[in-house]
Amino acid sequence: MRWSRYFLPTLKEDPAEAETASHRLMLRAGLIRKLSSGIYNLLPLGLRASRKVENIVREEMNRIGGIEILMPVLSPAELWMESGRWHVYGKELMRVRDRHDRFFALGPTHEEVVTDIVRKEVRSYRQLPLILYQIQTKFRDELRPRFGVVRAREFIMKDAYSFHRDEKSLAETYDKMYEAYTRIFTRCGLKFGPVEADSGAIGGDVTHEFMVFAETGESQVLACECGYAATSDTAEGKVPQYRPDEKQKPLEKVATPGMKTVEEVTSYLGKQPWQLLKTIIYNADGQFIGVLIRGDRQINEIKLKRVLNAVELRMADAAEIEKITGGPLGFSGPVGLEGLRLLADRSLEGMVNMVTGANEVDAHYVNVNLGRDFTVKEFYDLSIASEGDLCTRCGRPLRVWRGIEVGQIFKLGTKYSQAMKATFLDEDGKENPFVMGCYGIGITRTVAAAIEQNNDTDGISWPIGIAPFEVLILPTNVTNPELSQTAENIYSELHARGLEVLLDDRDERPGNKFKDADLIGIPFRVTVGEKGAREGIVELRRRKTGEIQRIPKQEAVETVTAVVNKEKSEATVS
RNA sequence: CGGGGCGUAGCGCAGCCCGGUAAGCGCGCCUGGUUCGGGACCAGGAGGUCGGAGGUUCAAAUCCUCUCGCCCCGACCA
């Protein structure tokens, strides 16, 4: 490709709207342009990079027996009503109406559609397992789109679905997917980690997210040296205990005028936040419950929902709290609290002489002790794990890191096949619902994540596997016929050898060309300049390291081809 | 949905409080010239219904009302 005839608009300055490195650089390097909030045009360079990711994904999906199809973006509301998600999915599901007032969804994911295909066409266990996948545009009306294509409302995703006769077969495919994902992200040049996760709106029990390490990532991961890693939504940790051997002191009621928050109460009483027992009243599907947790911990509502098997969960309001506990908001406690189901977080285990609300205005108890002053039967892990909690497997402290979620794999079970009556016949002629799995990869998000991880102050530095071009030829002065000719020759010969080459044939000053070259971050740059021409050499520069190799002009094509191919083969997983 | 902020030339911004003198700056773009190894210089030029609508006023980018869009933080979320 000749730059002068290409469409590659670069920006000198940082666009005001972009905060993160990937967003900034994708705009500056001319990969994307915003059309509307969370909606982006992919320009040629951005499209090439995302096609590279797509092709890696295709190869790896095909390798494990995946079969590519293409489902429509539009799907009729009836299908979503069958699965129940027309109502459950909420506002994130984009809905449109046709001229006959029939409703359609713009697909955010395709469990319903693929299940419909399979229930109509697959009758026998002999046809299983079946893995179908597609690479297609998805729509999710995100509450808050941000970071460019990282959280967009329209984006490209690979979604795969597998159909099985039983759990065992699903488990085999799940493991294959896990390996395929590992290969895919490795080939994309990413540093990442698979972590245990929550299944959210898609459903299912076992699920892993693939997280690309990134400071600016939206997801938090808790990880242990032993290999355990999970998102903050699901991570479990043992909470370190403080002074569990302290002697119990007599219960005492103290005045705490106007002190409502943990911070206010504990500092007023000269205590630490961990010495307080928080009592939070929730309404779960219409039933009120009380959750007890240590003052320095946060309740993880996802865990709470799962324990309660609740669909809707909200905190009680001030009036409800007053009615249930007899005291105002901020002064609740378990002592003397009757007739309310109480759940306690494990952080309370081993606590002695706690501070809690007295269920009356401006009063707290001190030296409250479990078993003596109140009882709780139900103990669960209900808190958000935090840095320093101890790994439940090996006891070492957990560390926190942030990441961008680029893929997730789920074991769905029969959630959709049952709801949509998708069945097959087994050997005994018995009808069974398909056991299903589903597996997503955010294509455009993967491109962004790669940039987030591979950039410096000068711009992007593409991993070879997904670079839009492999080599950039840069003649420093195209008005010099000798340089121009040398560059052209190298360009056409490299091209003929199958390398992806961009020739910067623009009549620009060298400084501008170098700056742009670093910005768009092609892994290898061949500089054809006047300095070298006098000695009959060209320079091969590696973007990542800045390392420069001087090569005789005649050997340029040979050497560059060899270096690029070596880099490519090293980036491939065997 | 709560909180904060911003819409003025393709991009980045000033002007707004205190209405008139005000349609400005830098980059980019076009023409000519000098330049040419890390974002050159000189000269000339094109480009704006100041997000939109309504209002106040002799007069509105500037004040008021409504509205649309965008960004950030939080809540939420494959």
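Within every chain, numbering begins at 1; the chains are lettered A, B, ... in the order of the sequence lines, protein sequences first and strands thereafter.
Taking a pair to require two hydrogen-bonding distances under 3.5 Å in either a Watson-Crick or a G-U wobble arrangement, B/rA43 pairs with B/rU31. In this entry B/rG20 has B/rC58 as its Watson-Crick or G-U wobble partner, both defining distances falling under 3.5 Å.
Judged as a ring-ring contact (aromatic ring centres under 6.0 Å, His included), and not counting sequence neighbours, A/F524 has no contacts. Listed by chain and number, the residues in a ring-ring contact (aromatic ring centres under 6.0 Å, His included) with A/F213 are A/W401 (sequence neighbours excluded). In this structure, the ring-ring contact (aromatic ring centres under 6.0 Å, His included) partners of A/F469, at least two apart in sequence or on a different chain, are A/Y6.
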For a quick test of your reading: what N or O donor-acceptor pairs under 3.5 Å do the side chains of residues 147-155 of chain A make, sequence neighbours left out?
residue	atom	partner	partner atom	Å
A/R151	NE	A/E218	OE1	3.1
A/R151	NE	A/E218	OE2	3.3
A/R151	NH1	A/E142	OE1	3.0
A/R151	NH1	A/E142	OE2	3.1
A/R153	NE	A/S37	O	2.9
A/R153	NH1	A/D141	OD1	3.4
A/R153	NH2	A/S37	O	3.1

Assign a letter to each nucleotide of nucleotides 4-9 of chain B from its 5' end: B, base within under 4.0 Å of a protein heavy atom; S, sugar-phosphate only; -, no contact. ------
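Residues A/D159 and A/Q136 bring no donor and acceptor atom of their side chains to less than 3.5 Å of each other. Defined by atom type and a distance below 3.5 Å, a donor-acceptor pair is missing between the side-chain atoms of A/S417 and A/T414.
Between A/K34 and A/D458, the residue anchored closer to the 5' end of RNA chain B is A/D458, taking for each the nucleotide with the nearest heavy atom.
Across all strands, A/E13 comes closer than 4.0 Å to base atoms (heavy-atom distances). Residue A/F155 is in base contact, counting any heavy-atom pair closer than 4.0 Å across all strands shown.
RNA chain B is contacted by A/F514, A/K515, A/D516, A/D518 of residues 514-523 of chain A, taking any non-hydrogen atom closer than 4.0 Å.
Across all their heavy atoms, A/I451 and A/S22 have their closest contact at CG2-CA, 3.8 Å.
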